[in-house]
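Heavy atoms only: backbone and side chains are in, while hydrogens, waters and symmetry mates are out.
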Amino acid sequence: MKQIITLSQRAADRIREIMSEDKNNSIGLRIGVKSGGCAGMEYVLEYAKEKNLNEEIIEDKGVKVFIAVSYTHLRAHETRGNLVCRLLLE
């Protein structure tokens, strides 16, 4: 099955950098959407300690990204290829 998101090398490097700052031995980075913000939804970026039910795991270029919400919510706000880069690099 094709992954819903692929990472650029720059995004993977940034995730590694973020993960190196974690002192709790997290297993990856979690991306989600919650109510709030001017458009009614805002992104959440946090360390993942474990996989939650109904999460999608993206493993690419040696890093793990956990998608914490229905991909439909993410797709409504960003194109697949730009989501992780925009969250991590802005």
Indicate yes or no for a side-chain donor-acceptor contact from [X] to the backbone of [Y] under 3.5 Å, with no hydrogens or angles considered.
{"X": "Asp22", "Y": "Asn24", "answer": "yes"}
{"X": "Arg16", "Y": "Ala12", "answer": "yes"}
{"X": "Tyr47", "Y": "Lys23", "answer": "no"}
{"X": "Arg30", "Y": "Lys51", "answer": "no"}
{"X": "Asp60", "Y": "Leu7", "answer": "yes"}

**Prompt:** Can you tell me how far the CD1 atom of Ile15 sits from the CZ atom of Arg10, to the nearest 0.5 Å?
**Reply:**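 One finds 12.5 Å between CD1 of Ile15 and CZ of Arg10.
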**Request:** Quick one: pull up OG1 in Thr6 and NZ in Lys61 and give me the separation to the nearest 0.5 Å.
**Result:**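 Atom-to-atom, Thr6:OG1 and Lys61:NZ are 6.0 Å apart.
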**Request:** Give the minimum heavy-atom separation between Ala48 and Ser26, together with the two atoms involved.
**Result:**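 Nearest pair, atom of Ala48 first, then Ser26: O-CB, 3.2 Å.
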**Prompt:** Of the non-hydrogen atoms in Ile27 and Phe66, which two are nearest, and what is the gap between them?
**Reply:**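 Scanning both residues, the minimum pair turns out to be CD1-CZ, 3.6 Å.
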**Asked** Could you walk me through whether Leu29 and Val63 pass the side chain to side chain contact (heavy atoms under 4.5 Å, CB included) check?
**Response** CA-CA 8 Å; Leu29 202 61; Val63 296; over 6 Å; no
**Prompt:** Does the side chain of Ile58 reach to within under 4.5 Å of the side chain of Ile67, using non-hydrogen atoms?
**Reply:**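 Yes, side chains in contact.
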**Request:** Check side-chain hydrogen bond (donor to acceptor under 3.5 Å, both in side chains) between Asn52 and all other residues, then give those that pass, not counting sequence neighbours.
**Result:**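 Here no residue qualifies.
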